[in-house]
Each structure stands twice: as C-alpha cells, then as structure tokens.
Asker: 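Okay, handing you the structure first.
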Amino acid sequence: MRRTISAFTAVAAATVLAVLTAFLPSLPALTGPVVMSALVVAFALTWPVLITAAPRWGVSAVLGATGLASVWVVSLLPAHAQFSSAPTELWLAPVGGAAALGILAMFVIQTFTLPGGVHRFMTTAMFSVGSVIVATAAGWALLLRNKYEVANGMLGVERITGVTWLMLTILAALAAASLATLLKSRLRTRMVAIVVAGTLVAVALQFLRPGPLSVPAVLAGIVAALIVALTESFADSRELPAAARQHPVSAVAVGSGTTIVTGMVSYIVIHVLPW
C-alpha cells in the first residue's frame with residue numbers, strides 16, 4: 001500500500017507538471033507557482049509523519065513557509081533582478097536563503113522539544129533535510145517562469161533550445177522510475193529496476209525528438225531515477241520508526257518530495273552545467 005500511494009503521488013504530480021509544461025504559454029503566468037504551492041503544502045503536511053509517525057504542525061508550518069517563500073520570491077521577482085555579478089543570474093540566492101532560514105527554524109523548534117539525546121539529533125537532521133527539499137521547489141517555478149517569459153518574448157531569444165523536451169523527459173523518467181518501485185522483489189533488484197526504467201524512458205524519448213539537449217536530458221532522467229532509488233532504499237531503514245515508514249501519509253511525502261527535487265535537478269542541468 002505504501003509503495004502504491006508513493007508511486008501514485010509521484011506519477012500524478014509529474015503528469016500535472018508535464019501538462020503545465022506543455023501548455024503553459026496558454027495559461028496565466030502564475031499557474032506554475034500555484035501548482036507548486038499545492039505540492040509544497042502536501043509535502044509540508046506529510047514529511048513530519050515520515051520522521052515521527054505523527055503530525056508536527058509547527059514543523060509543517062516551517063516547511064510550508066520555507067517552500068512557499070522560495071517559490072513565490074523567484075516567481076514574483078522583477079525579470080532583471082540581480083544577486084551577483086555573474087554573467088548569468090541564476091536566482092539561487094533566494095532558494096538558499098529560504099532553505100537556511102528553514103533549517104534555523106527547525107533547530108529552534110527542536111531545541112525546546114522532548115525527548116532529547118540521539119532521537120532529537122536524528123529528527124532535527126531529517127527535518128532540516130525537509131527544509132532543503134521543500135526549498136528546491138523553486139526549481140520548477142524558475143523553469144516554468146522562464147518558459148513562459150521566453151514564449152511571450154520577454155527574454156528575447158531562448159539561450160538553449162529543447163528545454164521543454166528536457167523537462168518532459170525528466171518527468172517521464174521520474175514517473176517510470178516511480179512505477180518500478182511497485183515491483184515485488186528484493187530491495188537491491190528493485191533499485192536496479194528503478195534506475196534502468198528511468199534511463200530507458202529518457203533514452204527512448206530522445207529518439208522521438210533528438211536535439212542539442214538530448215544528452216543532458218538523458219543525464220537528468222538518470223539522476224531522477226537515482227533519486228527515486230535512493231528514497232526507495234529507506235523503505236527498510238531501521239533509523240526511522242516502522243510505524244512512520246508504513247504510514248500511508250508518509251508515502252505522500254516520499255512521492256511529492258522526489259517530484260520537487262527533480263525540478264532543481266533540471267534547473268541545474270540547464271543553467272549551471274557548461275553545455
């Protein structure tokens with residue numbers, strides 16, 4: 001049941017983002033951040049359950065504020081805002097700032113939370129990881145904003161062609177890898193199948209529409225599959241309570257979290273790596 005819910009969440013989120021990617025120029029400019037806000041809220045409400053097997057409303061509030069701030073700041077900034085003297089402004093400063101504030105807030109919350117000892121250390125670390133994950137939701141927001149502005153001539157000529165196909169490739173690879181988690185086999189075999197499924201889908205899509213970003217698209221798809229495989233490796237982890245790992249709500253956190261992170265992977269592949 002847990003794997004089914006997790007896979008369904010990831011596939012559903014990837015499908016929505018794929019439709020949004022394909023039709024965004026015909027939709028209102030703020031459609032992207034609104035959709036990402038919904039995904040952020042889902043993650044914020046469910047991530048604490050994965051860690052403690054019970055809701056933590058204070059932690060959820062911090063996660064939600066971190067993700068929403070990250071998404072909406074990069075969505076509403078003026079087009080020519082600058083945070084550095086680099087030739088290409090990547091707008092990662094607001095993302096890092098939101099993540100840092102989220103981590104700080106987690107430490108403050110956990111300082112006054114019982115019990116202490118190793119348990120407090122582990123939960124604080126995992127809550128902080130959640131702050132970083134939810135802040136990366138800005139990756140999809142940035143990609144969708146860039147696509148909208150290019151389509152409307154607000155950024156001039158698109159610097160790299162094939163960006164839409166890369167985004168669709170990574171979403172398809174994510175969906176295929178998530179479905180592969182449903183295989184009933186040993187964990188090691190299942191993890192290999194996850195990576196293979198995501199890779200094959202990414203490669204197959206490049207034969208349908210080869211372009212200058214075919215290699216980056218395949219690499220991004222492989223990274224997305226590896227992220228799914230990594231999260232699947234925690235299925236039998238003893239560090240998390242069994243009740244938390246098997247809780248249906250925690251599966252939503254896994255599915256939404258993997259989808260959120262792949263947006264930043266796509267953004268880095270397109271704008272940071274030297275193609």
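These numbers come from the heavy atoms of this one structure, side chains and all, not from hydrogens, waters or symmetry mates.
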Asker: For R190 versus L183, what's the shortest heavy-atom pair and its separation?
Answerer: CD-O, 3.2 Å

Asker: Once you round to the nearest 0.5 Å, how far does OG1 of T46 lie from CD1 of I5?
Answerer: 11.0 Å

Asker: Within a strict 4.5 Å, meaning less than it, do heavy atoms of the W140 and S266 side chains meet?
Answerer: yes

Asker: Which atom pair, heavy atoms only, marks the closest approach of A180 to A197?
Answerer: CB-CB, 4.1 Å

Asker: Closest approach of G255 and T9, non-hydrogen atoms and distance?
Answerer: C-CG2, 3.9 Å

Asker: For F127, which residues count as a ring-ring contact (aromatic ring centres under 6.0 Å, His included) partner, sequence neighbours excluded?
Answerer: none

Asker: Determine whether a donor-acceptor pair (N or O, by modelled atom type, separation under 3.5 Å) exists between the side chain of S70 and the backbone of G67.
Answerer: no

Asker: Nearest 0.5 Å please: distance from the CD1 atom of I222 over to the OG1 atom of T199.
Answerer: 4.0 Å

Asker: Using side chain to side chain contact (heavy atoms under 4.5 Å, CB included) as the criterion, list what pairs up with L230, not counting sequence neighbours.
Answerer: S233, F234

Asker: Does the side chain of V269 reach to within under 4.5 Å of the side chain of L219, using non-hydrogen atoms?
Answerer: no

Asker: Name all residues meeting the side chain to side chain donor-acceptor pair (under 3.5 Å) criterion together with T124; count only those two or more places apart in sequence or in a different chain, and write none if there are none.
Answerer: Q110

Asker: Find out whether R145 and L77 are in side-chain contact, i.e. whether some heavy atom of one side chain is under 4.5 Å from a heavy atom of the other.
Answerer: yes

Asker: Hydrophobic clustering (ILVMFWY, side-chain heavy atoms < 4.5 Å, transitive) - are V201 and I170 grouped together?
Answerer: no

Asker: Among all residues two or more places apart in sequence or in another chain, which pass the side chain to side chain donor-acceptor pair (under 3.5 Å) test with T169?
Answerer: Q206

Asker: Pairs of donor and acceptor atoms involving the side chains of residues 92-108, under 3.5 Å and at least two apart or interchain, shall be tabulated with distances.
Answerer:
none

Asker: For residues 12-23, tabulate all N or O donor-acceptor pairs below 3.5 Å that involve a side-chain atom, not counting sequence neighbours.
Answerer:
residue : atom : partner : partner atom : Å
T15     : OG1  : V11     : O            : 2.7
T21     : OG1  : L17     : O            : 2.7

Asker: Answer with yes or no whether the hydrophobic clustering places V129 together with L63; edges join I, L, V, M, F, W, Y residues whose side-chain heavy atoms lie under 4.5 Å apart.
Answerer: yes

Asker: Any chance you could pull the hydrophobic cluster mates of V228, using side-chain heavy atoms under 4.5 angstrom and chaining through other members?
Answerer: L174, I194

Asker: Are W165 and V265 connected in the hydrophobic side-chain network, where two residues link if heavy atoms are under 4.5 Å apart?
Answerer: no

Asker: Can you list the steps and then say if I270 with L166 is a side chain to side chain contact (heavy atoms under 4.5 Å, CB included)?
Answerer: CA-CA 9 Å; I270 293 172; L166 184 147; 3.9 Å; yes

Asker: Which residue pairs pass the side chain to side chain donor-acceptor pair (under 3.5 Å) test when at least one of the two sits in residues 254-264, sequence neighbours left out?
Answerer: none

Asker: Indicate if L68 and L30 have the same hydrophobic cluster label, given that clusters are the connected sets of ILVMFWY residues with side-chain heavy-atom separations under 4.5 angstrom.
Answerer: yes

Asker: Considering only residues two or more places apart or on different chains, which pairs with a residue in residues 176-187 satisfy side chain to side chain donor-acceptor pair (under 3.5 Å)?
Answerer: none

Asker: Using distance only, find each side-chain donor-acceptor pair of residues 32-43 under 3.5 Å and give its atom names and separation, not counting sequence neighbours.
Answerer:
residue : atom : partner : partner atom : Å
S37     : OG   : P33     : O            : 2.7
S37     : OG   : W72     : NE1          : 2.7

Asker: M264 and V261: same hydrophobic cluster, using ILVMFWY side-chain contacts below 4.5 Å?
Answerer: yes

Asker: Mind checking the OH-CG spacing from Y267 to N146? Nearest 0.5 Å is all I need.
Answerer: 7.5 Å

Asker: Measure the shortest side-chain to side-chain distance between R56 and I109 over non-hydrogen atoms and say whether it is less than 4.5 angstrom.
Answerer: yes

Asker: To the nearest 0.5 Å, how far apart are OG1 in T52 and CE in M126?
Answerer: 11.0 Å

Asker: Would you mind listing every ring pair (Phe, Tyr, Trp, His ring centres under 6.0 Å) that reaches into residues 192-233, with sequence neighbours excluded?
Answerer: none

Asker: Kindly state each residue pair satisfying side chain to side chain donor-acceptor pair (under 3.5 Å) with at least one member in residues 93-107, sequence neighbours excluded.
Answerer: none

